[in-house]
There are 2 protein chains.
Amino acid sequence: MARKTGSDGKKTATDLRAAATALFAKHGFAAVSMRQIAQKVGVQAGALYLYTPNKQALLFDIMQQHLDGLLGAWETEKLPDSATPLAQLQRFVSFHIHYHLDRADEVFIAYMELRNLLPENLATISETRRRYELVLEGILAAGQKTGDFQISDCKLSSYAIIAMLTGMTTWYRDQGRLSLAEIEQVYQGLVYGAVSGAKTKS
Amino acid sequence: MARKTGSDGKKTATDLRAAATALFAKHGFAAVSMRQIAQKVGVQAGALYLYTPNKQALLFDIMQQHLDGLLGAWETEKLPDSATPLAQLQRFVSFHIHYHLDRADEVFIAYMELRNLLPENLATISETRRRYELVLEGILAAGQKTGDFQISDCKLSSYAIIAMLTGMTTWYRDQGRLSLAEIEQVYQGLVYGAVSGAKTKS
DNA sequence: GTCTATAGAAGGATAGAC
DNA sequence: GTCTATCCTTCTATAGAC
């Protein structure tokens, strides 16, 4: 047949992105073929090129949309600038956990497939990611200034906290031993302790 | 020629592992071809199969050797059981940082390429990794018991701390803004604060 | 122990029919 | 908008010469 009955370009474009995201997350960008993606979408391989110029663009778009979405969502969820650094930090931790757990595949891709980006695409992605890191770094710096936090280095601490939180995506499962609310409380406590700077004994 | 002058099977075997490690870390397992590895070793692709049955075994061996080395090194570096939980934790943090930074490529592979392992190989690797996680979990549990640490969940906290520390490998560079000793101090402080459990204000 | 050559499969991407 | 067919490249792995 020349054209699938009930075919819909808009839907196919959306399906393509979803299928690619799922497959890249599961097997890795380099290990997934355009034919595999096409099969999951339910079209032939050639048809994919109506929606993406090539495989690389598909990866880049997935990452960029994810990071743009992350930054945009924070802008709508963050507390007013008048909020205390501690309140803002707690909001950030909660936001980061929920946003990332809801998008485990995209997160995985955005962290794991940087190597497979062309240099110019990597530069763009890195810049967007850096803007997100600066969100947390700014919160920590604000709390350092007010004396609410005891932090020896805001940049390193922001890296450390983001790595800690994002690490959740590697082991979290629904129906696990603890509820998400319980898990979030554990992490809130760890982060709060980390920035509250107990004195080292040794 | 039939055989390279000065060829040495032992050296080639070592070179093969080193070349594969470097390339897998840089480009990803699936994106690296046996031809690329062979070129880096300085032999033809066919010759590699004298030293590994296939590409999968190469990946598995790299991971397994890394994790076995990690566990073995900890056994020689850990403090006696008579040491305090806090001292043992500090030792663990220092050990983990240094061991991982010295082996950035292996660490990257061991964390990133789990998806590309065959199921039976994944099971073996996961079990070895779990034994390492239990090292930290045990230290935290000991400190919880003595009252030195205020930890709501030892398992989650061990995951969180390992993720935080391992995250260093993604950004650490020699000749960076801070010396390794300074960085280690920042992380020691963050970990100590996290397990010392400041009370949450909210 | 390493080479050359190649089998056999699979990959990304394009052309043209419908 | 999608399909079929295909070009051309690259891949893993093996066979056999030296």
Side-chain angles (χ1 to χ4, degrees), chain A residues 1-24 26-63 109 113 115-121, chain B residues 1-24 26-62 109 113 115-118 120-121:
Chain A
M1 87 199 92
R3 183 171 169 173
K4 239 169 118 185
T5 313
S7 63
D8 178 347
K10 205 85 171 194
K11 180 173 182 307
T12 303
T14 307
D15 289 352
L16 166 57
R17 191 138 323 218
T21 300
L23 288 171
F24 290 168
K26 188 165 185 183
H27 306 291
F29 173 76
V32 172
S33 70
M34 294 298 269
R35 284 176 174 83
Q36 276 178 274
I37 298 171
Q39 186 175 28
K40 193 169 180 104
V41 174
V43 299
Q44 293 298 314
L48 298 183
Y49 291 86
L50 293 170
Y51 304 97
T52 183
N54 51 52
K55 197 183 171 192
Q56 168 75 201
L58 204 45
L59 176 62
F60 174 70
D61 288 350
I62 289 169
M63 285 195 190
I109 293 169
E113 301 296 353
R115 311 175 283 196
N116 287 308
L117 287 174
L118 292 178
E120 63 268 29
N121 289 338
Chain B
M1 86 199 93
R3 182 171 170 174
K4 239 169 117 185
T5 313
S7 63
D8 178 348
K10 205 86 173 192
K11 179 173 183 306
T12 304
T14 307
D15 289 352
L16 166 57
R17 191 139 324 220
T21 300
L23 288 170
F24 289 168
K26 187 166 186 181
H27 305 291
F29 173 76
V32 172
S33 70
M34 294 297 269
R35 282 178 176 82
Q36 278 177 274
I37 298 171
Q39 185 174 29
K40 195 170 179 101
V41 173
V43 300
Q44 293 298 313
L48 298 184
Y49 291 86
L50 294 170
Y51 304 98
T52 183
N54 51 51
K55 197 182 171 192
Q56 168 76 201
L58 204 46
L59 176 62
F60 174 70
D61 288 350
I62 288 169
I109 293 169
E113 301 296 352
R115 316 174 279 198
N116 287 307
L117 287 174
L118 293 178
E120 63 268 30
N121 289 337

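In what follows, chains carry the letters A, B, and so on, assigned in the order in which the sequence lines appear, proteins first and then strands, with residues in each chain numbered from 1. Worth knowing before you read on, the calculation uses all heavy atoms, side chains too, and leaves out hydrogens, waters and symmetry mates.
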How many Å lie between [atom1] on [X] and [atom2] on [N], as a whole number?
| X | N | atom1 | atom2 | result |
| --- | --- | --- | --- | --- |
| A:Gln39 | C:dG11 | CD | P | 11 Å |
| B:Asn116 | D:dC11 | CG | P | 16 Å |
| B:Met34 | C:dA7 | CE | P | 20 Å |
| B:Gln56 | D:dC11 | CD | C1' | 16 Å |
| B:Lys55 | C:dA10 | NZ | P | 15 Å |
| A:Arg35 | D:dC11 | CZ | C1' | 13 Å |
| B:Phe29 | D:dC11 | CZ | P | 13 Å |

Among [options], the nucleotide that comes nearest once only the side chain of [X] is considered:
| X | options | value |
| --- | --- | --- |
| A:Gln44 | D:dG1, D:dT4, C:dA13 | D:dT4 |
| A:Tyr49 | C:dG11, C:dT14, D:dA13 | C:dT14 |
| A:Ala47 | D:dT2, C:dA13, C:dT2 | D:dT2 |
| A:Gln36 | D:dT2, C:dG12, C:dG11 | C:dG11 |
| B:Leu50 | C:dG1, D:dC3, C:dC3 | C:dG1 |
| B:Ser33 | C:dG12, D:dT14, D:dC11 | D:dC11 |

Please report the shortest heavy-atom distance between A:Met34 and A:Leu48, naming the atom on each side. O-CD1, 3.3 Å
Apply salt bridge (charged side-chain N to carboxylate O under 4.0 Å, His left out) to the pair A:Glu113 and B:Arg115, showing each step before the final yes or no. CA-CA 13 Å; A:Glu113 301 296 353; B:Arg115 316 174 279 198; 3.2 Å; yes
Reported CG-to-OH distance for the pair A:Leu16 and A:Tyr49, which is rounded to 0.5 angstrom: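 Reported value, rounded in 0.5 Å steps: 10.5 Å.
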Establish, with yes or no, whether the OP1 or OP2 oxygen of C:dT2 is under 4.0 angstrom from a side-chain nitrogen or oxygen of B:Thr12. yes
Phosphate-side-chain proximity, B:Tyr51 and C:dT2, N/O vs OP1/OP2 below 4.0 Å: yes
Between A:Gln39 and A:Ala45 (side chain of the first, backbone of the second, donor and acceptor by atom type, cut-off under 3.5 Å), is there such a pair? no
Please check if the side chain of A:Gln36 supplies one atom and the backbone of A:Leu23 the other of a donor-acceptor pair under 3.5 Å. no
